[in-house]
Amino acid sequence: MTKQELPKIYDFKSTEPRIYAMWEAGGFFKPHNDPNKPGFDPSIKPFVITIPPPNVTGELHIGHPMFVSIEDLMTRYHRMKGFSTLWVPGTDHAGIATQLMVERELLKTDEVTREELGREKFVARTWEWKHKYGSLITNQIRRLGASCDWDRERFTLDEGLSRAVREAFIRLYEKGLIYRGPRLINWSPGLKTAVSDLEVEYSEEQATLYYFKYMIAGSEEFIPVATIRPETILGDTAVAVHPEDERYKKFIGKKVIVPILGREIPVIADEYVSMDFGTGALKITPGHDANDYAIAHRHNLPIISVLDKAAKINENGGQYQGQDRFDCRKNIWADMKAAGLVIKTEPYTTTIPRSQRGGEIVEPMISEQWFVQMESLAKAGLDAVRDGSIKIVPERFEKVYFNWLDNIKDWCISRQLWWGHRIPVWYCPDNHMTVSREDPTQCAACGSKEIRQDEDVLDTWFSSGLWPFSTLGWPEQTPDLKYFYPTTYMETGYDILFFWVARMIMMGIEFTGKAPFNTVYLHGLVRDEIGRKISKTTGNVIDPLVLMDEFGTDALRFTMLVGSTPGNDTNVGPKKVESNRNFANKIWNAGRFVINAIDGLDTGKHTQADNGTRKAQHATWSLADSWIWAKLQTLIRDVERQIQSFQYGQAGQQIYEFIWSDFADWYVEIAKEQMKNEETREQTVVTLVRVFDTCLRLLHPFTPFVTEEVWGHLRNAILESPIADIAKDWPDALIIARFPEPREPEGWEESKLADFTLIQELVRSIRNLRAEKNIAPSKKLAANISAGDKVDLLKQQSAMIAALAGLDSSLLVIQQSLTEKPEDSAAIVVGSVEIYIPLAGTVDLANDKPRLEKELKEAQSHIERLEKLLSSDFANKAPAALVAKEREKLEGYKDTAQKLKTQLK
RNA sequence: GGGCGCUUAGCUCAGUUGGUUAGAGCACUUCGUUUACACCGAAGGGGUCGGGGGUUCGAGUCCCUCAGCGCCCACCA
């Protein structure tokens with residue numbers, strides 16, 4: 001492939017699908033060491049991630065690129081490191097979300113509700129939906145470049161995982177950790193199902209506090225009580241006061257009359273009641289309030305439910321029966337007012353419990369549900385993190401995790417939904433329970449054939465909690481499970497630490513005896529360009545598909561990775577993605593340049609030195625060759641260290657800067673010069689190739705598409721060139737190439753770095769002068785250089801300096817010291833080096849003085865600072881090397897200052 | 001009521017064993033279409049690192065404290 005055939009602009013649109021198809025068809029996403037295949041070697045270390053399964057009916061949102069970018073980076077990095085790498089993909093049945101979606105669709109197309117359709121048909125319908133649209137999200141995940149082993153794709157409701165769910169339920173049940181019973185739970189009236197504590201969100205809202213009278217039976221006296229939910233008065237079974245409260249002590253043990261209903265209920269004493277809050281008296285509604293429920297238990301109070309499943313007042317609500325909870329609130333208050341029981345109302349800010357899904361107000365209600373007893377599970381989960389079996393990144397989330405598990409409550413796992421894993425419990429007419437791994441045909445206790453299965457399904461998170469091992473075949477001891485479990489990293493958002501991560505840990509330990517992963521990496525949430533939470537109502541939704549269409553997948557991925565740090569939220573907007581699109585294009589064009597350089601090599605003229613021989617030829621390298629190679633070694637070390645410590649953003653940033661600033665802006669420009677010379681040409685191309693190849697390898701986990709594409713072209717170009725040996729052990733695709741390792745010892749050729757930095761400074765100063773003096777870039781300048789002890793270096797590098805700074809080589813004089821100061825020249829001073837640019841006639845040199853004075857002033861301020869520093873305790877207490885470095889700097893500035901002073905005389 | 005995070009250039013953010021002129025992208029100014037790239041290049045301008053105190057030879061980085069913003073957890077009617 002020659003330059004003409006490669007377009008100037010990287011065409012990600014046609015490249016990405018082609019590259020992905022190539023990877024997938026090539027089997028590159030599969031672990032190279034597969035326990036199901038002959039030749040399996042158990043001693044090879046696996047690296048495993050199970051994907052946080054997206055909702056099967058979901059569509060790509062901006063959160064997906066975040067986790068895919070990170071997990072794919074982790075996966076690709078380890079694959080390139082030689083691990084037998086497996087990223088298990090899959091989807092979640094997402095009970096409520098999916099059911100709602102299908103219900104909505106059903107209503108629209110068929111105008112029937114799910115109840116009208118019936119359970120069996122509805123579930124069938126949902127499966128249809130899943131088959132039809134389930135691949136939408138996985139294809140979108142593919143588009144992000146995810147290198148998952150799609151042959152191992154799983155679904156939480158598929159046969160194997162359903163078996164796992166049933167096994168897990170039964171084991172917990174047999175252990176006595178699962179129980180069923182009426183408890184106060186959070187009820188979602190719209191969805192008509194119980195939800196767990198975690199699914200309730202509390203929002204601060206303006207509400208009204210209603211003050212009213214609880215009349216003492218047979219008396220004109222009353223106890224004032226306040227409530228936010230007057231309709232719950234219907235379910236009151238006591239009024240509680242503090243035992244020490246002088247105001248109400250006399251009423252303890254007496255009866256009060258429930259407004260409107262006229263029931264008599266006791267006045268009780270309980271220390272829970274705070275005397276200095278509200279009226280100091282508390283109405284007790286055990287059926288609809290968690291605290292009241294607890295108090296009722298202490299005092300053996302009856303429990304009255306007044307709401308039905310739709311949150312309408314039930315038969316216990318007397319005349320209000322059938323009213324909606326909020327209508328009842330108004331009506332009962334009006335009636336109480338009429339009865340003279342009302343004291344006052346006042347505005348009040350309080351926390352309102354709302355359903356995480358849909359946002360409706362959730363009601364605490366008594367209901368028959370299934371629970372998992374969490375205490376022992378939580379303890380094991382705590383220990384695993386405490387003893388270091390599991391590490392959480394960033395560490396601060398460990399505290400959050402501990403805090404939650406330390407205060408854990410039993411988990412309500414039953415949901416009154418149809419889409420999900422049905423609870424594997426059957427009842428006979430005598431209400432014997434049969435709990436079974438296989439669907440039973442008769443009651444285990446009485447043999448009755450008339451058994452019916454529990455109507456409820458399990459909380460979606462119950463099956464997700466098994467994900468790291470259920471996807472690998474558990475409860476079967478499959479080869480996959482034996483080799484790939486426990487998995488390595490669990491990467492997900494901090495927002496589901498409790499929902500998912502904690503439960504996977506607890507269930508993993510419970511069922512497999514092992515922590516399901518050794519590291520939890522938590523990423524932050526994606527916010528919009530100015531840091532607002534993304535929501536449909538704000539209208540700031542960012543569609544990743546649009547971003548990919550416009551800027552390419554690599555650009556989006558790089559944006560996600562760079563500038564974000566573990567556990568912190570990230571702002572994303574099109575501008576960032578655009579600048580990273582430019583980066584992809586930069587890589588493309590750097591590639592074009594290198595390929596072009598290879599194509600320029602003349603087969604006849606070049607010896608076929610092999611790679612090893614070239615490696616030994618450092619002595620023949622130019623300063624620039626050594627410099628870029630030395631910087632590359634540092635880069636490799638830094639990137640390795642950063643990836644190991646999960647600083648992916650930093651790693652990406654460093655590679656970016658190396659490619660753009662060091663390689664493209666400096667080395668490539670120098671290479672253009674070096675390639676003009678037959679003697680340095682081949683070596684230059686070899687350096688270009690080796691450095692650029694390393695860059696592509698380093699970058700591949702970040703921006704897989706463009707690196708793979710360019711690398712392919714590069715490889716082809718090399719293989720057809722006289723330096724083909726360089727690529728002779730390269731694999732077919734970059735995705736399976738080895739990740740770079742340092743090739744030289746630390747600190748290799750450090751002196752070259754300093755030498756090159758001096759050249760850079762000189763070149764910059766000359767360019768600066770040109771800019772300041774408004775000298776046309778095309779104008780070649782003459783220069784006299786007094787180089788002092790750098791004379792040999794500058795003489796050797798004169799061609800390079802001339803080329804980079806736009807000097808005329810034939811008018812470039814470099815001497816140790818000039819015999820006399822050139823007239824009519826602008827002077828530049830860098831340390832001991834003085835450069836004179838004759839500018840007579842072109843510019844007015846009279847006004848050159850301020851420039852030099854400014855520089856002198858600057859140098860002097862440095863001298864002052866450094867002298868102060870070096871005369872302080874710093875000189876005695878700081879590491880010697882550091883002190884020496886500062887001394888050297890001081891000498892440099894002194895040189896500069898002194899020379900500038902002479903200039904100014 | 002507890003806990004956590006953030007506060008660094010006009011904007012959005014990096015800056016992990018404390019090391020001495022604090023970085024990037026975008027935006028801005030000037031110049032430039034030199035055969036990798038104008039999705040580019042060159043040269044610039046711009047920051048008392050939220051305030052105060054402390055530890056240290058040395059603090060954006062560690063400790064204390066205050067302030068503002070945000071998040072999580074929590075049973076006060």
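All figures in this text were calculated on a predicted structure; none of them were measured in a lab. Lettering follows sequence order; numbering is per chain, from 1.
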Visitor: Hey, is CD on A/E346 packed in by over 12 heavy atoms from elsewhere, all under 6.0 Å?
Guide: yes
Visitor: When the distance from NZ of A/K672 to P of B/rU35 is rounded to whole Å, what number comes out?
Guide: 8 Å
Visitor: Check whether any side-chain N or O of A/K576 sits under 4.0 Å from OP1 or OP2 of B/rC26, and answer yes or no.
Guide: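 Checking B/rC26 against A/K576, no side-chain N or O comes under 4.0 Å of OP1 or OP2.
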Visitor: Base, sugar-phosphate, or nothing for A/T565, non-hydrogen atoms under 4.0 angstrom?
Guide: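 Touches sugar-phosphate only.
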Visitor: Taking B/rG23 as the reference, what is the distance to B/rG46 when you measure between their C1' atoms (whole Å, please)?
Guide: 13 Å
Visitor: Taking side chain as C-beta onward, heavy atoms only, is A/L769 less than 4.5 Å from A/E772?
Guide: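 Result no, sub-4.5 Å side-chain heavy-atom pair not found.
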Visitor: Determine the contact category for A/V562: base if any of its heavy atoms lies under 4.0 Å from a base atom, sugar-phosphate if only primed atoms, P, OP1 or OP2 are that close, otherwise nothing.
Guide: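 It contacts nothing in the nucleic acid.
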Visitor: Regarding A/E657, tell me which of base, sugar-phosphate or nothing describes its non-hydrogen contacts under 4.0 Å with the strands shown.
Guide: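 A/E657: backbone/sugar contact only, no base atoms under 4.0 Å.
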Visitor: Over how many whole Å does the gap from A/L525 atom CG to B/rC6 atom P extend?
Guide: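 Computing the A/L525:CG to B/rC6:P distance gives 16 Å.
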Visitor: Which listed nucleotide (B/rA36, B/rG32, B/rU20) is nearest to the side chain of A/P777?
Guide: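 Between B/rA36, B/rG32, B/rU20, the one nearest the side chain of A/P777 would be B/rG32.
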Visitor: Between atom CZ in A/R641 and atom C1' in B/rU17, what is the gap in whole Å?
Guide: 10 Å
Visitor: Ion pair present between A/E669 and A/K672, side-chain N to carboxylate O less than 4.0 angstrom?
Guide: yes
Visitor: Toward the 5' end of RNA chain B, which comes first, A/W588 or A/L869, by nearest nucleotide?
Guide: A/L869
Visitor: Are A/E867 and A/K894 close enough for a salt bridge, meaning some N to O gap below 4.0 Å?
Guide: yes
Visitor: Below 4.0 angstrom, N of the basic side chain to O of the carboxylate: do A/K676 and A/E673 qualify?
Guide: yes
Visitor: What is the per-nucleotide protein-contact pattern of nucleotides 39-45 of chain B, from the 5' end, where B denotes a base atom under 4.0 Å from a protein heavy atom, S denotes such proximity for sugar-phosphate atoms only, and - denotes neither?
Guide: BSSSSS-
Visitor: Out of curiosity, A/I863 CD1 to A/E891 CD, how far, rounded to the nearest 0.5 Å?
Guide: 9.5 Å
Visitor: Rounding to a whole Å, what distance do you find between A/E673:CD and B/rU34:P?
Guide: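 Spelled out: CD on A/E673 to P on B/rU34 is 16 Å.
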Visitor: When you compare the side chains of A/Q654 and A/Q650, does any donor N or O come within less than 3.5 Å of an acceptor on the partner?
Guide: no
Visitor: Evaluate the criterion salt bridge (charged side-chain N to carboxylate O under 4.0 Å, His left out) for residue pair A/E886 and A/K889; output intermediate values, then yes/no.
Guide: CA-CA 5 Å; A/E886 296 305 315; A/K889 274 194 212 163; 3.3 Å; yes
Visitor: How does RNA chain B look in dot-bracket form if you count Watson-Crick and G-U pairs under 3.5 Å, write [ ] for pairs that cross, and put | where a base pairs with another strand?
Guide: ((((((((.[[[[.)...(...]]]].(((((.......))))).....[[[[[..)....]]]]])))))))....
Visitor: Closer than 4.0 Å, any side-chain N/O of A/K575 to the OP1 or OP2 of B/rC26?
Guide: no
Visitor: Rounded to the nearest angstrom, tell me the gap between atom CZ in A/F874 and atom P in B/rU20.
Guide: 8 Å
Visitor: Is any side-chain nitrogen or oxygen of A/K399 closer than 4.0 Å to OP1 or OP2 of B/rG3?
Guide: no
Visitor: A/E864 and A/Q860: side-chain donor and acceptor closer than 3.5 Å?
Guide: no
Visitor: So, for A/L6 and A/R592, which heavy atoms are closest and what is the spacing to 0.1 Å?
Guide: O-NH1, 3.2 Å
Visitor: Identify the heavy atoms of A/T279 and A/P224 that sit nearest to each other, and give their distance.
Guide: OG1-O, 2.7 Å
Visitor: Under 3.5 Å, is there a donor on one side chain and an acceptor on the other for A/E204 and A/T351?
Guide: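 Judged by distance alone, the side chains do not pair up.
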Visitor: Spell out protein contact along nucleotides 70-77 of chain B as letters: B when the base is contacted, S when just the sugar-phosphate is, - when no protein heavy atom is under 4.0 Å; keep the 5' to 3' order.
Guide: ---S-BBB
